[in-house]
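Each chain gets a letter, A, B and so on, in the order the sequences are listed, and its residues count up from 1.
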Amino acid sequence: MSSEMLPVDEVAWQKKWDEADLFKATTGGGKPTFYCLEMYPYPSGKMHMGHVRNYSIGDAVARYKRMMGFDVLYPMGFDSFGMPAENAAISEGGHPHDITERNMASITQQIKRMGFSYDWSRTLKSHDPRYYKWNQWFFTKFYESGLARREFAPVNWCVSCNTVLANEQVKAGRCWRCNGPVEQKGMSQWFIDLPAYAQELHDGLDTIKFPEHVKSLQRDWLGRSEGAEITFGVVDSDLTFEVFTTRPDTLFGATFATLAPEHPLSEQLVTGTEFEEDWKRLYDEVVNMSEFDRIKNMNKKKGVFSGKYAVHPLTGDRIPIWFGNFVIATYGTGAVMAVPAHDERDHDFAKMYDIPIKRVLVMQEDGSPDAPVNRADVDDGWMVNSSVEGFDGLYGQDARDTVCSALESKGLGRREVNWKIRPWLVSRQRYWGTPIPIIHCESCGVVPVPEKDLPVELPRDVVFGKGNPLETSPTFVHAPCPACGEDARRETDTMDTFMDSSWYFLRYTDAMNDEVCFGKAAADRWMMVDFYCGGIEHAQMHLIYARFMTKALRDLGLTIADEPFYELLCQGMVNKSAPYCASCGVTLSVDHAGSPCPHCDAPLGERSAKMSKSIGNTVSPEAMIELYGADTVRLFILFAANPTAGMDWSDTALEANHRVMLQLQAWPEQLRSWNGPSSPMDAWLTARFNKRVHEFIHAMDNFDLRRAVEISHYEIIKDINWYVRRGGQNPSVASQIFPQWTQMVSVSTPHLAEDWWASREHHDGTFVAESQLELPASTTPKDHLTLASEQYIRDFLEQARKVQNIAERHLGGQAKSAIVVISPSWKREMARAALGFITEGGHPKQFVPVLAQMPMAQGERKGEMMTFWGKKMLPQVFKWDDASREVIVSELDEQQVLQHASKFIASDLNLESVTVVVGESDSDTTERAGSAMPLSPAIVYS
RNA sequence: GCCGGGGUACCCGAGUGGUCAAAGGGGGUGGAUUCAAGCUCCUCUGCAUAUUGCUUCGCAGGUUCGAAUCCUGCCCCCGGCACCA
């Protein structure tokens, strides 16, 4: 290869694609559509390897689908609202808008350098009023329909971010973004009623292709529990409270009830009584505790008696009402019926406070109703001890249903499905987000901003770092009431930025429309997203909000799509090795490489860890592109691991991939230099290549990118090398396969492929990026035979080489010649008969009598043949794969094939001569026919 | 505790009843080419061995003519949920 070969001018190709407008999604036409999307990025200033991996995957899919005749929508934009920009503004001065624009410009440039085939004409950015106007419009629509509402509620407050957080955004009691502590705070906030769609979100999971773990995660998060809501009255009063339980079958065992100390009824029950003081103490203890701490402390169960009694809805029994620190007001109804015999928590509590425990289920059908309860029996059981007729003996779901029916007929309960997911808290006390389009008027109350006044734009005259920035802008805060015209006050909270990302995929379908959020026809034409690629970190937040929003917008009549994304692919992490101390179990910063563990002084090993700034094991995409080019980086990233698997960054592997690229770059010239005649190998390469195209399509259709790249960049080279090795040099074969090979190569390394495409003799100025892949003909039986013969030779050589090594030890020197002994024809005949027998459905063991009747087994060798069958042929019959079986049944003449190739075989094995004989024939003097099998000749070296 | 995903050779990683001592890549090895290095091509890379045998796909059993693959139990890793009503 010439070392002075110029690198592929990637930037030039990118410019040409751009000028030719190749990747603009069309707005009509009869082609089927394909919507390929990656989670739109937050515009930090630098592209990292995670981005590169994500987009390399998406781009390969988009390019492939275009080539397969689809109208592809493959857009890119920015999730440009959010706190990093605002925090940067606070710490370094400046304005979030400017910082965001600056970062966007820089990351855009880096993304473009990779040559991804985006339709940049549809680029959207969340912080553009043309975009966020529609967030506001949706919000007012939701307000009208009751889906959005304002409530005073205890909310999660992140101290360091200075804002409230949605439930989903609190991880282990800490803020998902800054990891700071989260407190409970009572505030008036805006909520969107996501639970209204909980059932649909739950059921929809069965209609889409998400990875199993993502579905499981979403189901957990939605938290469906089926049960009953039951009304308990308070003795000597009109008061009632509701409890939710998944176990109505244990209702007769309820010996007390527990309310959350902050339950709306609690204070009323104890005020002015001797129990007030105890309640107050418990109340004060829990009320300021974050939910996380509360749950964490649940093992320290504590309760106080209220002095009041509840009425059991079915028996009318008086049961004491307690307050418990383990009951949380915002979960379910904030009250529980306590069944100590069949619930562990209630059991512990009853023991602690000496409350009666009543068995109402037995775990065996004939179990004793009076058996003592030493530990809560929480499994399903048969009802016993029901104080009312008609329940004893019922089991499980049957029992639950019957209890529910009884409650329903008394009007004291009903079947109910409870969800863990709670309304989406969308208010944020931050600046860099969509202003909530609401005006608070003294006389009219809450008034949404009319559509004609949208968007409510973010003002520039704000002060950062002193509470809610929008409150510092007088021009923003003061506004006339849209209803009465009086002076009123604008809502100063902004929306959670997940609002932006929950519908951007719809906007892409009609991104430049300023009349409506998106045209219905456009949305319906492109939706759902066919292929959505992004990180697992969005499995519950973004992916739930987006699914919810799609359904909510559908119900506004804006689209017919039920789900946003059909197939989700979560790409694996990009890892790189980092110092690791096995005894301390910690991964350390790369600064420690080569030194002993700073904690225990043990020598450090290495371990693969997610690329992160704190460990310092990051690799800069820019630097890699500079060194090797975008194509090499893409090839490496797609080939190093399956899209969903974690991949380890390896500099040596990257270099190896670069060598592959250099080698590929030289191929067109190499092919052009071919000047040989046509040969029998031509048919082989043609058939082989044809098969490769089929395999490639199959792999791409299944998003098995690694396999696809392996075929286009590795296997085909090997095939061609073999062809050349076997004497093939036919230029017409070269020009026949070259265009399709170029197309396959273009999916992952598009720049190189354009060089190839342009190098063709009859190049017409088109791009491979716009070409259509011609589907190869299906493989013919003749192709099969051609491929099989060659495979036979390759297998033979492999076997021969192994044997040769050992043989030469015996010979005490280099072997000079070999006699190849083809298996005697009766063995192949036997194999054919057996294969036929099994194909017909016969059990291998029953083949013996069949064989005994065959003509070959009639002579004096009958015994030998029967033994051979049992010992050798039977196991072998099963070892042959479909291809080999086909070959055995086919016309392929082993002797002929090897004979034809004997010169090649001799030179490949470094022998002077190779003779091929049929075992047990007159010309076979070796007496080694015994070990020869069909497709596996014996070889005798000398 | 519950749910989901995993455990394959020096490393990464394919493989879901026979093509499996197990693809491919990395790393390593030997050879061809070269004045030489690099690149490229070819070989080998569990152990033994004239073409075959033995051991091996987390561990232990089982089903089968045949198990990395199916079943049962166990161990370990990753992710999620969790005194949840």
**Study point:** Pair A/E242-A/T231, side-chain donor/acceptor within less than 3.5 Å
**Key:** yes
**Study point:** Pairwise C1' distance, B/rU34 and B/rC44 [rounded to whole Å]
**Key:** 23 Å
Review point. Counting side-chain heavy atoms from CB outward, which of B/rC42, B/rG5, B/rG26 is closest to A/N721?
Key: B/rC42
Check your understanding: Whom does B/rU69 pair with, Watson-Crick or G-U wobble, provided both distances fall under 3.5 Å?
Key -> none
Review point. In residues 797-810 of chain A, which residues come under 4.0 Å of RNA chain B by heavy atom?
Key: A/Q799, A/R801, A/V803, A/I806, A/A807, A/R809, A/H810
Practice item. When you get a sec, tell me which of B/rC42, B/rA82, B/rC3 is the closest nucleotide to the side chain of A/K420? Key: B/rA82
Practice item. Just jot down the side-chain hydrogen bond (donor to acceptor under 3.5 Å, both in side chains) partners of A/H542, sequence neighbours excluded, or say none. Key: A/Y532
Revision key, fill the gap. Closest to the side chain of A/R706, out of B/rG4, B/rG24, B/rG80, is B/rG24
Point to revise | Nearest listed nucleotide, side chain of A/R659, among B/rU51, B/rA14, B/rG27 | key: B/rG27
Check your understanding: Using the P atom in both, what is the distance from B/rA67 to B/rC84, to the nearest Å?
Key -> 45 Å
Exercise for review: Just jot down the salt bridge (Lys or Arg N to Asp or Glu O under 4.0 Å) partners of A/D377, sequence neighbours excluded, or say none.
Suggested key: A/R359
Exercise for review: Both distances under 3.5 Å, Watson-Crick or G-U wobble: report the partner of B/rG4, or none.
Suggested key: B/rC78
Point to revise | Closest nucleotide among B/rC41, B/rC81, B/rC42 to the A/W221 side chain | key: B/rC81
Practice item. Could you measure between the two P atoms, the one in B/rG28 and the one in B/rG38, and give it in whole Å? Key: 12 Å
**Study point:** Minimum-distance nucleotide to A/E710 side chain [options: B/rC42, B/rA23, B/rG4]
**Key:** B/rA23
**Study point:** Aromatic ring proximity A/Y353/A/F256, centre distance under 6.0 Å
**Key:** no
Check your understanding: How about A/F636 and A/Y628: are their ring centres within less than 6.0 Å of each other?
Key -> no
Practice item. Counting heavy atoms from C-beta on, name the nucleotide in B/rC81, B/rC42, B/rG79 closest to the side chain of A/L217. Key: B/rG79
Review point. Which part of the nucleic acid does A/L811 contact within heavy-atom distance under 4.0 Å: base, sugar-phosphate only, or nothing?
Key: base
Review point. For the side chain of A/V940, counting heavy atoms from C-beta on, which of B/rG79, B/rC42, B/rA50 is nearest?
Key: B/rA50
Check your understanding: Given that both distances must come in under 3.5 Å, which nucleotide forms a Watson-Crick or G-U wobble pair with B/rG24?
Key -> B/rC12
Check your understanding: What's the CZ-C1' distance between A/F837 and B/rC65, to the nearest Å?
Key -> 13 Å
Revision key, fill the gap. In whole angstroms, the gap separating P of B/rG6 from NE2 of A/H213 amounts to 10 Å
Point to revise | Among B/rG25, B/rU40, B/rC84, the one nearest A/Q663 by side-chain distance | key: B/rU40
